[in-house]
Visitor: 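The structure is given below, and queries will be raised subsequently.
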Amino acid sequence: MNTSDSNLPSNFIRYIIDDDMKSQKFQGRVHTRFPPEPNGFLHIGHAKSICLNFGIAREYQGKCNLRFDDTNPAKEDEKYVQSIKEDVEWLGFDWGEAPFFASGYFTALYDCARQLISKGKAYVDDLSPDQIREYRGTLKEPGKESPFRNRSVEENLDLFQRMKTGEFEEGAKVLRAKIDMGSGNLNMRDPVLYRILKAHHHRTGDEWCIYPMYDFAHCLSDSIEGVTHSICTLEFEDHRPLYDWILNTLEVYHPQQIEFARLNLTYTVLSKRKLLQLVEDGHVDGWDDPRMPTLSGMRRRGFTSNSIRDFCERIGVAKSNSIIDLALLEHCLREELNKTALRVMAVLRPIKVILTNYPEGQTEELESENNPEDPDAGSRKLTFSRELYIERDDFMEEPPKKFFRLAPGKEVRLKHAYIIKCEEVIKDEQDNIVELRCTYDPDTKSGQVEKSRKVKATLHWVSASHAIDAEVRLYGNLFTSPNPGDEKECPELKDALNPDSLEILKDCKVEPGLADANGDQPFQFLRLGYFCLDPVALAQGKRIFNRTVTLKDEWAKLQKKAKG
RNA sequence: UGGGGCGUCGACAAGCGGUAAGUCACAUGAUUUUGGUUCAUGCAUGCGGAGGUUCGAAUCCUCCCGCCCCAGCCA
């Protein structure tokens, strides 16, 4: 892992760093940071940033800090700190001895603010929030200066000190930078640097009642930590002049801010606000609902951190707004799971099959490979018997042309077992198919020399008396719209919800070995998809399988096409 | 003329003046005891548009068009 030569696709950020290395701008150092606000759960979009920041540090043998941007006690909480640390760790990154906190710099930041005041570059403003907005002007018209803008340094120092001691109410005063109310960049129109917030902070408790704003805290935190490249998303591009202004005015070490486009994914939303809405409105079961694009949700769903890292590498890093096809994420997932998942047989919607020519009471043990992609995965014994279950979808009474599976008079192979032929369809009074009577061909046992006829399909099955019961949950996209995050396409998020994003199947039959499964092993339910044991249910002693992702399905594609 | 960005295949994305990488998706065929995997083949005479510079332009210049972000005491 000591590479700077990697065969990863390059990107504009790497070029900037390469140039900086050449020019010795930062004495050959590379130091990045991942700066989440602990006010929510991390999602796949954060993973892009994590992989970028930690990945670059690793590649250039530099460092990457995990820094919590905890400057707004009203919204932040220790529990988020915990989950963020878990997620970063799970993704496979190491932030060194300890994480950093912007709140750890509150004293230093306060001193910086005083210096700014002393330089005549900041002032205490008594304007109300509404007045500040009014005075700011609009996009096209310049703002006007606050009547408090020209207070003396002494008065400002005194007032700021009294803000700190709690003398004033929330909203009564703020500290503002004195820049340019006529700037075309709204961020430069005397931005607020400090506000009064009489809130309990999860780390500093009640020590402070003034808190720095993002723009003030972030650049200085970067500076204090010796960050070289401060990588953030595009919406902060407008803030860069302010980032630079603060650092220049204070004449302190000056990292370089670089902006890239945040991740968007088809059929999902990645804004904290919208994700929160899904949770609060009860459309999902919580932040770790397996349908959520949160790292905790994806982990529970069965995503591997490998596949997420692979995905983040493949999508690249650029400055154009884009939306990545979910299919790419799924591809990365399948690619890994194909190599690692143990193949097992599970029948989700069972229909009984009786082998009329198989002796009652007889069973036999069939050798079954665990993973054709991995010989080291070995094999297991499966019990075959007279009464089996197969998948309801694998039988059709009146099969269309390209249906290769079981139908009256048709033959299929049972995986690892024999070729069977459907002789009779048994129905109840309501005309529902309840059972299939089939015969098996003893000469076609799996593994025998290839003398038997070819058959067009191979089905998965379980032995009726040996299989165990299981609940299986199938997940689909949360949204039917490819771009639910787009306010124009989807003004009402809930209108884009997919009513079929969760299907719970309670009467599934799975092979008996699955009784011993633990939560760490991914499975491929043969011909169906990749599954994992739901860790939340498992902790409660229940066995529920989550479908991580389907297998690619040529037949499903054909059917879809046929329907139009 | 408010400021800041961005426009290369259906989706991403390399390319940085020498004649359009790669990935996903899609299509076709082969192999297959998973309609999985794997393999092979195809998929931009074209780089938002129009001019210009040049022997040569996606790359440089000019103008135009389109899209995104900004008016929190959020980050």
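Per chain, numbering begins at 1; letters A, B, ... match sequence-line order.
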Visitor: Taking atom P in both A50(B) and A13(B), compute the distance separating them and give it to the nearest angstrom.
Guide: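 Per the computed distance, 24 Å lies between those P atoms.
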Visitor: Is the ring pair Trp208(A)/Phe106(A) parallel, tilted or perpendicular, if the boundaries are 30 and 60 degrees?
Guide: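 Plane angle over 60°, so perpendicular.
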Visitor: If the threshold is 4.0 Å, N to carboxylate O, is there a salt bridge linking Lys319(A) and Glu237(A)?
Guide: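 Judged by the 4.0 Å cut-off on N to carboxylate O distance, Lys319(A) and Glu237(A) do form a salt bridge.
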Visitor: For the pair Lys274(A) and Glu487(A), find out whether any cationic side-chain nitrogen is under 4.0 Å from an anionic carboxylate oxygen.
Guide: yes
Visitor: If you take the centroid of each ring, where Trp contributes its six-membered ring, are Phe525(A) and Phe531(A) closer together than 6.0 Å?
Guide: yes
Visitor: Report yes if a donor N or O on one partner sits less than 3.5 Å from an acceptor N or O on the other, where the partners are the side chain of Glu373(A) and the base of U38(B); otherwise report no.
Guide: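 By the distance-only test, no, there is no pair.
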Visitor: So what does Leu326(A) touch, heavy atoms closer than 4.0 Å: a base, only the sugar-phosphate, or nothing?
Guide: nothing
Visitor: Base, sugar-phosphate alone, or nothing: which one does Phe216(A) contact when heavy atoms must sit under 4.0 Å apart?
Guide: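 Nothing, no heavy atom under 4.0 Å.
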Visitor: For the side chain of Ala327(A), starting at C-beta, report the closest nucleotide among C24(B), U34(B), G3(B).
Guide: C24(B)
Visitor: Looking at RNA chain B, which of residues 333-343 of chain A put a heavy atom within less than 4.0 Å of it?
Guide: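 Hits under 4.0 Å, by residue number: Asn338(A), Arg343(A).
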Visitor: For A75(B) and Lys75(A) - does any side-chain N or O of the residue sit under 4.0 Å from the phosphate oxygens OP1/OP2?
Guide: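 Indeed not, no polar side-chain atom of Lys75(A) lies that close.
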Visitor: Can you list the residues that meet the side chain to side chain donor-acceptor pair (under 3.5 Å) rule with Asp553(A), with sequence neighbours excluded?
Guide: none
Visitor: Regarding Glu335(A) and Arg314(A), does a basic nitrogen lie under 4.0 Å from an acidic carboxylate oxygen?
Guide: yes
Visitor: Between the side-chain atoms of Glu259(A) and the base atoms of G4(B), is any donor-acceptor pair under 3.5 Å?
Guide: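 No such pair is found, so the answer is no.
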Visitor: Using a strict 4.0 Å threshold on nitrogen-to-oxygen distance, state whether Glu259(A) and Arg240(A) make a salt bridge.
Guide: yes
Visitor: What stems involve RNA chain B, if each pair must be Watson-Crick or G-U and both of its distances must be under 3.5 Å, with 3 or more such pairs in a row?
Guide: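 Detected stem regions: B:2-7 with B:65-70, B:10-12 with B:22-24, B:26-30 with B:38-42, B:48-52 with B:60-64.
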Visitor: Quick one: do the Thr233(A) and Glu235(A) side chains pair a donor with an acceptor below 3.5 Å?
Guide: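 Indeed, the side chains of Thr233(A) and Glu235(A) share at least one donor-acceptor pair under 3.5 Å.
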Visitor: On the side chain of Arg405(A), is there an atom forming a donor-acceptor pair with the base of G35(B) - under 3.5 Å, no angle test?
Guide: yes
Visitor: For G36(B) and U45(B), measure between their C1' atoms and round to the nearest Å.
Guide: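 These two C1' atoms come out 39 Å apart once rounded.
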Visitor: With nearest nucleotide decided by heavy atoms, which residue, Glu76(A) or Lys552(A), maps closer to the 5′ end of RNA chain B?
Guide: Lys552(A)
Visitor: Quick one: do Glu364(A) and Lys445(A) make a salt bridge, cutoff under 4.0 Å?
Guide: yes
Visitor: Would you mind classifying the nucleic acid contact of Pro142(A) as base, sugar-phosphate or nothing, using non-hydrogen atoms under 4.0 angstrom?
Guide: nothing
Visitor: Could you give the distance separating C69(B) and A27(B) at their P atoms, to the nearest angstrom?
Guide: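 To the nearest whole Å, 34 Å.
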Visitor: Which of these nucleotides, G4(B), G35(B), C73(B), is closest to any side-chain atom of Phe404(A)?
Guide: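 From the listed options, G35(B) comes nearest.
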Visitor: Ala172(A) or Pro372(A): which one's nearest nucleotide on RNA chain B is closer to the 5' end?
Guide: Pro372(A)
Visitor: With 3.5 Å as the limit, what N/O pairs link the protein to nucleotides 9-13 of chain B?
Guide:
| from | atom 1 | to | atom 2 | distance (Å) |
| --- | --- | --- | --- | --- |
| A11(B) | O3' | Ile323(A) | O | 3.0 |
| A11(B) | O2' | Ile323(A) | O | 2.7 |
| A11(B) | O2' | Asp325(A) | N | 3.2 |
| C12(B) | OP1 | Ile323(A) | N | 2.7 |
| C12(B) | OP1 | Ile323(A) | O | 3.3 |
| C12(B) | O5' | Ile323(A) | O | 3.2 |
| C12(B) | O2' | Ile315(A) | O | 3.0 |
| A13(B) | OP2 | Ser320(A) | OG | 3.4 |

Visitor: Given U33(B), is OP1 or OP2 found less than 4.0 Å from the side-chain N or O atoms of Lys456(A)?
Guide: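 No, Lys456(A) has no side-chain N/O under 4.0 Å of OP1/OP2 on U33(B).
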Visitor: Need one value for His239(A): base, sugar-phosphate or nothing, where a base atom within 4.0 Å counts as base even if backbone is also close, heavy atoms only.
Guide: base
Visitor: Is the ring centre of Tyr194(A) less than 6.0 Å from the ring centre of Phe160(A)?
Guide: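 Distance test on ring centres: under 6.0 Å, yes.
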Visitor: Check the angle between the aromatic planes of His239(A) and Phe236(A) and answer parallel, tilted or perpendicular using the 30° and 60° thresholds.
Guide: perpendicular
Visitor: So His218(A), base contact, sugar-phosphate only, or nothing? Heavy-atom distance under 4.0 Å.
Guide: nothing
Visitor: Without decimals, in angstroms, what is the distance between Phe148(A) CZ and C73(B) P?
Guide: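 It is 16 Å, rounded to the nearest whole Å.
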Visitor: With a 3.5 Å cut-off and heavy atoms only, can you find an N or O donor on one side and an acceptor on the other between the side chain of Ser446(A) and the base of U33(B)?
Guide: yes
Visitor: Counting just side-chain N and O atoms, does His331(A) come under 4.0 Å of either OP1 or OP2 of C24(B)?
Guide: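 Yes.
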Visitor: Between Arg151(A) and Tyr123(A), is NZ or CZ placed under 6.0 angstrom from the six-membered ring centre and within 45° of the ring axis?
Guide: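 Here Arg151(A) fails the 6.0 Å and 45° test against Tyr123(A).
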Visitor: Give a yes/no on whether any side-chain N or O of Arg136(A) is located under 4.0 angstrom from OP1 or OP2 of G72(B).
Guide: yes
Visitor: Go through C69(B), U33(B), C73(B) for me and flag the one nearest to the Glu235(A) side chain.
Guide: C69(B)
Visitor: Would you say U1(B) has OP1 or OP2 under 4.0 Å from some side-chain N or O of Lys140(A)?
Guide: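 So the side-chain polar atoms of Lys140(A) never come under 4.0 Å of the phosphate oxygens OP1 or OP2 of U1(B).
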Visitor: Does the ring of Tyr214(A) meet both stacking tests against the six-membered base ring of A75(B): centre distance under 5.5 Å and plane angle under 30°?
Guide: no
Visitor: Under the 3.5 Å rule, do the base of U33(B) and the side chain of Arg413(A) count as making a donor-acceptor pair?
Guide: yes
Visitor: Taking only Lys NZ, Arg NE, NH1 and NH2, and the carboxylate oxygens of Asp or Glu, determine whether Lys381(A) and Glu367(A) approach each other closer than 4.0 Å.
Guide: yes
Visitor: Check the side chains of Arg343(A) and Asn371(A) for a donor-acceptor pair under 3.5 angstrom, ignoring hydrogens and angles.
Guide: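 A donor-acceptor contact under 3.5 Å links the two side chains.
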Visitor: Among residues 177-185 of chain A, which ones have heavy-atom contacts with RNA chain B below 4.0 Å?
Guide: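 Close to the strand are Gly184(A), Asn185(A).
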Visitor: Do Arg380(A) and Glu511(A) sit within salt-bridge range, that is, some charged N less than 4.0 Å from a carboxylate O?
Guide: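 Salt bridge present between Arg380(A) and Glu511(A).
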Visitor: If the P atom of C9(B) is compared with that of A21(B), how far apart are they to the nearest Å?
Guide: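 Straight-line distance between the two P atoms is 14 Å.
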Visitor: Can you tell me how far P in U59(B) sits from the matching atom in A20(B), rounded to whole Å?
Guide: 14 Å
Visitor: Decide, yes or no, whether a salt bridge links Arg136(A) with Asp190(A) under the criterion of side-chain N to carboxylate O below 4.0 Å.
Guide: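 Looking at Arg136(A) and Asp190(A), the cut-off is not met.
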Visitor: For residues Asp70(A) and Ser103(A), is any side-chain donor paired with an opposing acceptor at under 3.5 Å?
Guide: yes
Visitor: Does the side chain of Tyr80(A) pick up a donor-acceptor pair with the side chain of Glu37(A) at under 3.5 Å?
Guide: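 Judged by distance alone, the side chains do not pair up.
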Visitor: Write down the distance separating the C1' atoms in U41(B) and G18(B), rounded off to the nearest Å.
Guide: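 One C1' to the other, the span is 30 Å.
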Visitor: By the 4.0 Å heavy-atom rule, please label Lys415(A) as base, sugar-phosphate, or nothing.
Guide: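 Since a base atom lies under 4.0 Å of Lys415(A), the category is base.
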Visitor: Does any residue of residues 188-198 of chain A have a heavy atom under 4.0 Å from RNA chain B, and if so, which ones, in number order?
Guide: Val192(A), Arg195(A)
Visitor: Answer yes or no: are there more than 12 heavy-atom neighbours, outside Lys410(A) itself, under 6.0 Å from its atom NZ?
Guide: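 Count not over threshold, so no.
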Visitor: Can you tell me how far P of G5(B) sits from CG of Leu234(A), to the nearest Å?
Guide: 10 Å
Visitor: Does a nitrogen or oxygen in the side chain of Thr138(A) sit under 4.0 Å from OP1 or OP2 of G2(B)?
Guide: no
Visitor: If you measure only the distance, is there a donor-acceptor pair under 3.5 Å linking the side chains of Tyr243(A) and Asp222(A)?
Guide: yes
Visitor: For nucleotides A14(B) and C24(B), find the distance between their C1' atoms and express it as a whole number of Å.
Guide: 15 Å
